[in-house]
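For the numbers below, each heavy atom of this structure counts, side chains included, while hydrogens, waters and symmetry mates do not.
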Amino acid sequence: MTGPSTSMPVAGLVPAARRQPEHADLLVRNAKVFTGDPDRPEARAVAIRDGRVAALGDDDLAHLVGPGTRVVDALGRRVIPGLNDSHLHVIRGGLNYVLELRWDGVRSLRHALAMLREQAGRTPKGQWIRVVGGWTAEQFAERRMPTVAELNAAAPDTPVFVLHLYQSALMNRAAVQAAGFTRDTPDPRGGQIVRGRDGEPNGVLLAAPSALVLYSTLAKAPALDEADKRTSTRHFLRELNRFGLTSAVDAAGGFQNFPDNYATVVDLARSGELTLRIAYHLFPQTAGQELADLKRWTEMVKPGDGDAWLRLNGAGENLTWAAADFENFSEPRPELAAGYESEFESAVRLLLENGWGFRLHATYDETIRRDLAVFEKLAAEGLFPGGNRWLFDHAETVSADSLDRIAALGGAVSVQNRMSFQGAAFLDRYGAEAAAHTPPVRAMLDRGLTVAAGTDATRVSSYNPWVALHWLVTGRTVGGTALYPAGNLVDRETALDLYTRGGARLTGEQDVKGTLREGSYGDLAILSDDYLTVPEDVIPDIESVLTVVGGRIVYATAEYEGLDEAVPPVSPRWSPVAHFGGYQSGARQASRVAEAVAESEQHRRWRVARGSAPETTPSFVDPCFDH
């Protein structure tokens, strides 16, 4: 190159005559940089060289501009370290992303059904329409779920599967037939196929309390071929980059076999096409075979294998199936089988003896207490934690005593904003007093525990990290319901720390990730709105206008459109993502929400006239719909 590559004219920066070793590859200037580093919390410019932060400056760092330097003017916008989701099912999500119609961020059921109806017109015969997580009825202006009749009307011939949290799924007539459900199909253990008066399945599946019936039914839908899985994953990573995510800790999960279902991200890592740093876990898939799987894996790989882009972090979030509880707040807390501790202890012992860390799915304190008793037994033998990183995931109802025990054993906690989507169900079952500290984030931090934040996307919560940050700061659900008192909220900088340095601590990368300081990874995002100063109700609508990972511009829009790396077109061409994209920005939906509110009010009056609703007028639009 004979001159500097700039995103726009940058006055006053004159490059040196030729590239010098100290010149930056990328310079972001004219920015309000929040570094996350207590020793230097603010800057105006960030220079990146060879994938790492080379310098921070209170001026333009003009002396670092050379012939090959790409200069980006942030135009006074807020810059933050790249976000890190500490519990995201990114590998599984990527393999299916382009097949899914996302209702994430959709603010009216009317709009959601219109999307479904439109997608039915382009979905080829033999394929399904899948709405898989990221939404809840509370987010809709109508405050209700769709009905099976509405799914049948929107897509009479195309199979439709709509997953709602960990609670239920709705299927239209065509999907019931495609899944092979008949009056003779038995209910699976822990689930229910709801039937009509005639004994035929009516299109409703219930997790009672296990979600296996939901996920095993979804698994009946056609999968992508290997080439399209690769493209799908690239587009999902680009979608995450859209919100400023630069790293994620993959929590594995059901229907995610190792090594088969990891092949796509491994291939992308080898070809240098990952745009998100991934630390992954391994999760035994078959009950009764867990110890054999864990033993086999400890002989194949070890934590830390990989590089800065893709690396093994440990086992979990399940080690043994018998030790896992369920997170379906519409059902009573499950009673785990007596005596699961013996097999569970063998799994933990095997991991510790081989230098493996682990993470554990545990929603309820009752589960956590039983697990801690096993850890304390091993600690008495000198085995635990043995220098290995370990954590509980979720921990919604963890008690103060259990937090003290976790701290004593050197554990950590990864919290997710599942209550953003399931808070109303929890309130209905357990009441406001219990919900006020579910989970007790402030109490965790007050004990000095390592705490990291994430979403648990994609099958329940949305992958949008700003929805999770809004929940941490305000304590409100996506429908605006207040859950927490001030004592269980955190300020914006603390919440951001949980979403940057918190995740880095879980993977042992806190020295190079989560802050912007010399020597750290060159991972950052320029934000559409200033997270630190905007009104709280704007936080969920924040996006990145430019995302950088390792000095590479992996997402760019607004004034920077076209600066990012190219990705192949969405395939297959009929994909919902090709037409609608992913997360639906709320700002684009104001007129549709107004129409839905009017329609809902007409429906309410109809119910009042027939005596099935009270005379008082509810508020159909929460404050979160007004921005």
Side-chain angles (χ1 to χ4, degrees), residues 86-87 249 251-252 258 279-306 311-325 336-395 398-414 444 447-452 504-510:
S86 68
H87 187 121
V249 189
F258 179 80
Y280 63 91
H281 287 75
L282 302 184
F283 180 136
Q285 297 293 304
T286 306
Q289 190 179 306
E290 299 98 326
L291 288 175
D293 284 341
L294 291 171
K295 185 175 188 303
R296 176 165 49 89
W297 294 337
T298 61
E299 295 168 352
M300 292 171 58
V301 289
K302 62 182 184 298
D305 281 356
R311 64 202 301 266
L312 174 63
N313 198 51
E317 61 182 297
N318 276 3
L319 301 185
T320 61
W321 281 95
D325 58 23
L336 299 186
Y340 79 71
E341 285 87 349
S342 176
E343 183 185 34
F344 178 69
E345 177 185 331
S346 296
V348 175
R349 186 183 296 273
L350 172 67
L351 293 171
L352 295 177
E353 289 175 345
N354 285 275
W356 278 55
F358 58 88
R359 65 191 310 161
L360 283 174
H361 169 107
T363 301
Y364 298 99
D365 189 56
E366 289 80 359
T367 306
I368 291 170
R369 290 202 305 266
R370 291 178 67 175
D371 291 351
L372 285 169
V374 172
F375 300 161
E376 287 162 346
K377 177 183 176 182
L378 294 172
E381 299 178 28
L383 278 175
F384 197 92
N388 301 300
R389 292 185 300 274
W390 72 275
L391 66 134
F392 280 115
D393 278 304
H394 315 312
V398 64
S399 65
D401 176 66
S402 292
L403 289 178
D404 290 337
R405 294 166 70 188
I406 294 169
L409 290 167
V413 183
S414 175
M444 296 174 187
R447 283 167 171 77
L449 282 166
T450 292
V451 183
R505 294 183 185 107
L506 298 188
T507 58
E509 297 175 283
Q510 62 270 23

So how far is it from D325 CG to T363 OG1, rounded to the nearest 0.5 Å? 4.0 Å
Do L360 and W390 pass the side chain to side chain contact (heavy atoms under 4.5 Å, CB included) test, and can you show the C-alpha distance, the side-chain angles, and the key distance before you say yes or no? CA-CA 8 Å; L360 283 174; W390 72 275; 5.5 Å; no
Closest heavy-atom pair and its distance - S86, L506: CB-CD1, 3.8 Å
Under 3.5 Å donor-acceptor, D371 side chain and I368 backbone: no
So, do F392 and V398 sit near enough that their side-chain heavy atoms are less than 4.5 Å apart? no
Report yes if the side chains of P284 and T320 come closer than 4.5 Å at any heavy-atom pair, otherwise no. no
Return the minimal non-hydrogen interatomic distance between D365 and S402, and the atom names on each side. OD1-OG, 2.7 Å
What I'd like to find out is whether the side chain of L282 reaches to under 4.5 Å of the side chain of V301, using heavy atoms alone. yes
Nearest 0.5 Å, please: how far is CG in D293 from CD in Q285? 8.5 Å
Using salt bridge (Lys or Arg N to Asp or Glu O under 4.0 Å), reason through E299 and K295 one step at a time and then give a plain yes or no. CA-CA 7 Å; E299 295 168 352; K295 185 175 188 303; 2.7 Å; yes
Go through the steps for Y340 and W321 under the test ring-ring contact (aromatic ring centres under 6.0 Å, His included), then give the verdict. CA-CA 9 Å; Y340 79 71; W321 281 95; over 10 Å; no
Checking K302 against L312 for the side chain to side chain contact (heavy atoms under 4.5 Å, CB included) test, could you report, in this order, the C-alpha distance in whole Å, the side-chain angles of both residues, the deciding distance, and whether it holds? CA-CA 7 Å; K302 62 182 184 298; L312 174 63; 5.5 Å; no
On a heavy-atom basis, the closest approach of R369 and R405 is O-NH2, 3.7 Å
Which heavy atom of L319 sits nearest a heavy atom of A347, and at what distance? CB-CB, 4.3 Å
Could you pull out all donor-acceptor pairs under 3.5 Å where a side-chain atom in residues 351-358 meets a protein atom, sequence neighbours excluded?
{"unit_1": "N354", "atom_1": "ND2", "unit_2": "L350", "atom_2": "O", "d": "2.8"}

Between CG of L336 and CD of E341, what distance do you get to the nearest 0.5 Å? 9.0 Å
ring-ring contact (aromatic ring centres under 6.0 Å, His included) for F283 and W297? Distances and angles first, verdict last. CA-CA 10 Å; F283 180 136; W297 294 337; 9.0 Å; no
Where do L391 and S414 come nearest, in terms of heavy atoms and distance? CD1-CB, 3.5 Å
Full working for side-chain hydrogen bond (donor to acceptor under 3.5 Å, both in side chains) between T507 and N313: CA-CA 6 Å; T507 58; N313 198 51; 5.1 Å; no
Between G411 and L449, what is the shortest heavy-atom contact and its length? O-CD2, 3.4 Å
Between E345 and E343 (side chain of the first, backbone of the second, donor and acceptor by atom type, cut-off under 3.5 Å), is there such a pair? no
If you look only at pairs with a residue in residues 378-390, which of them pass as a salt bridge (charged side-chain N to carboxylate O under 4.0 Å, His left out), with sequence neighbours excluded? R349-E381
First locate atom NZ of K377, then atom CZ of F384, and finally report the distance between them rounded to the nearest 0.5 Å. 13.5 Å
At what distance, to the nearest 0.5 angstrom, does CG of N318 lie from NE2 of H281? 12.0 Å
Going by the side chain to side chain contact (heavy atoms under 4.5 Å, CB included) test, name the single residue among V413, L403, I406 that passes it with R447. L403
My understanding is that only residues two or more places apart in sequence, or in another chain, count here; which of them pass ring-ring contact (aromatic ring centres under 6.0 Å, His included) with H394? H87, H361
